A.B. asks: 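Below is the structure I would like to discuss, written out as structure tokens.
Residue numbers begin at 1 in each chain, while the letters A, B, ... track the order of the sequences. In this text, all values refer to a predicted model and were calculated from it rather than measured experimentally.
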Protein chains: 2
Amino acid sequence: MMFTGRSAFPLTPIKDDAVDETAFARLVERLAAENVDSVTALGSTGSYAYLSTRERARVTELAVEHAQHVPVLVGVGALRTSDVMTHVENAQRAGASGLLLAPMSYQPLTEDEVYSLFRTVTQNASAPVVVYDNPGTTRFTFSTELYGRIAALPGIASIKIPAVSGELHQARTRIDEIRAVIPEHVTIGVSGDPTAVTGMLAGCDAWYSVLAGTLPRAAKRIIGPALAGHAAEAVAESQRLAPLWGLFTDHGSLRVVAAIAEHLRLTDHPNLPAPLRGLPPTARHHLREAIEKLALLP
Amino acid sequence: MMFTGRSAFPLTPIKDDAVDETAFARLVERLAAENVDSVTALGSTGSYAYLSTRERARVTELAVEHAQHVPVLVGVGALRTSDVMTHVENAQRAGASGLLLAPMSYQPLTEDEVYSLFRTVTQNASAPVVVYDNPGTTRFTFSTELYGRIAALPGIASIKIPAVSGELHQARTRIDEIRAVIPEHVTIGVSGDPTAVTGMLAGCDAWYSVLAGTLPRAAKRIIGPALAGHAAEAVAESQRLAPLWGLFTDHGSLRVVAAIAEHLRLTDHPNLPAPLRGLPPTARHHLREAIEKLALLP
């Protein structure tokens, strides 16, 4: 089931202002070896917004090649619709199993503009599309009604929703509200790792996970029990990672997993595209302590 | 005085998903004929964020060619620092007199990241740089202290600040606050056309103007009296345009001037890059009424 379970978002490591292809391939191979349910290349964690069309096409090819049996979803978002379509074509040619589409914005977008973007893409793409709702980066906020309009388009397979409340009842209310306006075949995947366990317990089908892209086992120790109905165990495991979630909240999950990947020597240092910089020194110190205390191994 | 007075931000009209070079050249020629103090090509109103490197280089060449005696500033912002540097080099090669740099973001940026971007650019550029603070599109908010740090970099010529309060005393307090932390040679230019008159009366040196890019005379009827010390006349003229400012606030200034340019047959229809769409029909109707009532001629 491609749009359910643990979808792992790997970094696209950048070295000397170019994609570190060796490190990226290794990251994807690790995820495949851990049997994640899908790999989502070129998500926000994969820095898609910072890469050229050529770099994105190459990263897509590498992801499909190295993920082997694991389906690969690919981020195709861009500010201009015609660029989105170029990324769609390149992703499909490379063998992507699905497309992740965020309504990137510079000028704030209207609901009609976002709807027309998804309509254009679904009308022209053959691969299924995941609606990528990530207001922290796109600065577009979907209304529940817009979820419904877009999810009704043929070709929409899943919605990646932003962080849910950490309070189970509230999260369940929100998921039920979304479920009521979308077709049954469209899955709901939660993001926002710090409260993802609540999202899964509240009935989400998938976890679109930053953590799983770099530490797939740590993510499995949360989602495994959650899916098996062992709520207390899942919650306890997520709570154990509180020091990590605090850093996610304070510095953005991307900077934190980038630093984890460096610390575990999965990539060189630095690995983010400028002007993005890694964690500041104090946070890096806290992270090292957390990695040791929580026994977070690669 | 290149970084003072009326800087006009022309549209970059898009036709069939390509730059309408003829229409763009005509827009810039009109601005030069009106003796604006500078033309800023590829500002937010010039849709720089949506264009390819090649398109941006071509638009820059056309702007410099058709602006004749009027200095041309060029927007060089991009999400990735190395792309910014490519735009800087192309702008300088084409003969741009200044560079407008907004800290575009996808991942929210830290102050240190933005500072390092401006440091990298000013260290490597020969043309003077305008700090482009436009939180509505970049989603980065400068602190006053960061203005000070960046304005101290050699090569910074001006700061384009967001809309000021429409209340003169408050606007003056804000301008004084900024003035206190930046070197004397760095000018302050106001944006946010609906309250720009207040900004000018509060002591700004320049008006970085969306309106002036399409209706340079209408802008002159505000900034002319403001700079000559005829405050009441300037305010009255700005208040006369209230119906226009209302549409700017409700739909974004870009969509409004794009529709004005269409209505006045300065460009074809539509002229924005997808997924951006023009004004919805009702707003377009209000705009047509306003254009006639206010006698806004091309």
A.B. asks: Pick one of side chain, backbone, both or neither for A:D112, based on which atoms fall under 4.5 Å of a heavy atom in chain B.
C.D. replies: both

A.B. asks: Roughly how far, to the nearest 0.5 Å, is the CG atom of B:L79 from the CG atom of A:L51?
C.D. replies: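 The CG atom of A:L51 sits 10.5 Å away from the CG atom of B:L79.
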
A.B. asks: For the pair A:E113 (side chain) and B:R277 (backbone), establish whether a donor and an acceptor sit closer than 3.5 Å, ignoring hydrogens and angles.
C.D. replies: yes

A.B. asks: Enter the distance from B:D83:CG to A:D17:CG here, rounded to the nearest 0.5 Å.
C.D. replies: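 Answer for the CG-CG pair, B:D83 versus A:D17, is 7.5 Å.
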
A.B. asks: Once rounded to the nearest 0.5 Å, what's the spacing between atom CG of B:D16 and atom OG of A:S82?
C.D. replies: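 So the CG of B:D16 and the OG of A:S82 are separated by 11.5 Å.
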
A.B. asks: Testing the basics here: between B:P108 and A:G136, what is the closest heavy-atom pair and its distance to 0.1 Å?
C.D. replies: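 Smallest heavy-atom distance, with atoms named: CG-O, 3.7 Å.
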
A.B. asks: Tell me which of these, A:S47, A:P103, A:P280, A:S105, has more heavy-atom pairs under 4.5 Å with chain B than the rest.
C.D. replies: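 Top option by heavy-atom pairs under 4.5 Å: A:S105.
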
A.B. asks: What part of A:L109 lies closer than 4.5 angstrom to a heavy atom of chain B: side chain, backbone, both or neither?
C.D. replies: both

A.B. asks: Taking A:Y106's backbone N and O only, do any of them form a donor-acceptor pair with B:R139's side chain (distance below 3.5 Å, no angle check)?
C.D. replies: yes

A.B. asks: Working to the nearest 0.5 angstrom, can you tell me the gap between A:Q107 CD and B:S44 OG?
C.D. replies: 6.0 Å

A.B. asks: Check each atom of A:F118 against the heavy atoms of chain B and say whether the ones under 4.5 Å are side chain, backbone, both or neither.
C.D. replies: neither

A.B. asks: Looking only at the side chains, is there a donor atom on one of B:R80 and A:S52 sitting less than 3.5 Å from an acceptor on the other?
C.D. replies: no

A.B. asks: Looking only at heavy atoms, what is the nearest atom pair of B:L117 and A:P275, with distance?
C.D. replies: CB-CB, 4.2 Å

